[in-house]
2 protein chains.
Amino acid sequence: MEQVKNALISKNIKPTYQRLEIYKYLRNNRNHPTVDMIYESLLKKIPTISKTTIYNALETFVEKGLVMPIVITGTEMRYDANASKHPHFLCEKCGKIIDIDLECRYIGKMNVRGNIINEMHCYLRGICQNCNNSGH
Amino acid sequence: MEQVKNALISKNIKPTYQRLEIYKYLRNNRNHPTVDMIYESLLKKIPTISKTTIYNALETFVEKGLVMPIVITGTEMRYDANASKHPHFLCEKCGKIIDIDLECRYIGKMNVRGNIINEMHCYLRGICQNCNNSGH
DNA sequence: GTATCTGCAAAACATTTGCAATTCT
DNA sequence: AGAATTGCAAATGTTTTGCAGATAC
């Protein structure tokens, strides 16, 4: 509880009620939610919350490095309370996105033909453990 | 010319006039275009073409494995006539997306805690050679 | 002639913007 | 009071859908 509040304060983000609830959702639901998923869930607790507020809060969180935006499906953004670099895994069957414990590397240098590489993003596709087991 | 047509036929895609032009555009412009970029360019040659047709054609191309959809920005899809796996580089300054000659690997196995990995996608971010040179 | 493909118009989503009301200090 | 935040309503941008007419085999 206090931990969540301090996480915001330590990143210089004013801990308003809405921001705390949004961040708490992200910490408790490690499902890389869309804005809509967050919205639908918070509506139960905060019936007056608006999507604009969620967009605003997430923008702030990303700017301050508290939250990592992730792009996999192409049509919608997803967000991860784990802001450190790590790869994601998309299940091609159920569409779920999970964290995966792998190290991704590129073989080469920081400078490729004059292009300076700052960071690498990677995600993996396949069949998740759950879908794989229910398949037989 | 015939090559373009045969590329479609060999993937079991009927080579209509519009599809040929869309695929030709992708072959000639290796800039990972958006639907809108393809549309605006083809309008000059085919004033009656519609975005729906471009969406339809690209969907077919992707299904048949002729074209690779790429997801980097999160707001729009981009397409690449090179359907073989290779990483992309996004310039954080000019927004250009280019192919980059690097090998990406993950350190680990095909099966991570029951999740079966089929493929890996990766992209890199940084400053492109062009922006880097014009900077000083 | 029957399947498929094209393209218009409208709908469906995701996101952004303008702004007035609210909240916090 | 003053600055930041919230949330409504409208606008924007991308993609999807329904469907009638055109095209191809």
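Protein chains get the first letters and strands the later ones, always in sequence-line order, with residue 1 at the start of each.
Per the SG-SG cut-off, A:C122 and A:C104 are bridged by a disulfide [distance under 2.5 Å].
In the hydrophobic cluster analysis, where Ile, Leu, Val, Met, Phe, Trp and Tyr join through side-chain heavy atoms closer than 4.5 angstrom, A:F61 is grouped together with A:Y39.
The CG atom of A:L43 sits 11 Å away from the P atom of D:dG7 (whole-angstrom rounding). In this structure, CZ of A:R19 is placed 10 Å from C1' of D:dT6, rounded to the nearest angstrom. The CG-C1' distance, from B:D36 to D:dT15, rounds to 12 Å in whole Å. For the pair A:I49 CD1 and D:dT6 C1', the computed distance is 9 Å after rounding to whole Å. Regarding B:Y55, its OH atom lies at a distance of 17 Å from the P atom of D:dG18, rounded to whole Å. One atom, CD1 of A:I54, and another, C1' of D:dC8, lie 14 Å apart when rounded to the nearest Å. Rounded to whole Å, the distance from CG on A:N12 to P on D:dT5 is 11 Å. Atoms CD1 (B:I38) and P (D:dT14) sit 13 Å apart, rounded to a whole Å.
The partner of C:dC13 is D:dG13, by the rule that a Watson-Crick or G-U pair needs both atom distances under 3.5 Å.
The minimum heavy-atom distance between B:N111 and B:I116, with the atom names listed, is ND2-CD1, 3.5 Å.
Taking every side-chain heavy atom of A:T52 into account, D:dA9 is the closest of D:dT16, D:dA9, D:dT15.
Within 4.0 Å (heavy atoms only), B:T34 reaches no atom of the nucleic acid at all. Across all strands, B:N56 comes closer than 4.0 Å to base atoms (heavy-atom distances). Within 4.0 Å of B:T53, counting heavy atoms only, lies at least one base atom of the nucleic acid.
The 5' end of DNA chain D is approached more closely, in terms of each residue's nearest nucleotide, by A:Q18 than by the other of B:K51 and A:Q18. Toward the 5′ end of DNA chain C lies the nearest nucleotide of B:T48, the other residue of the pair A:R78 and B:T48 mapping further downstream.
Comment: B:E21 does not engage B:R19 in a salt bridge, judged by the lack of any side-chain N to carboxylate O separation of less than 4.0 angstrom.
With 3.5 Å as the limit, one finds no donor-acceptor pair spanning the side chains of A:D101 and A:H86. Remark: the B:T34 side chain and the B:D36 side chain contain no N/O donor-acceptor pair separated by less than 3.5 Å.
Side-chain rings of A:H88 and A:Y123 stay apart, their centers remaining 6.0 Å or farther from each other.
Contact footprint of chain A on DNA chain C: nucleotides with an atom under 4.0 Å from a non-hydrogen protein atom, first to last in 5' to 3' order, C:dA14 to C:dT17.
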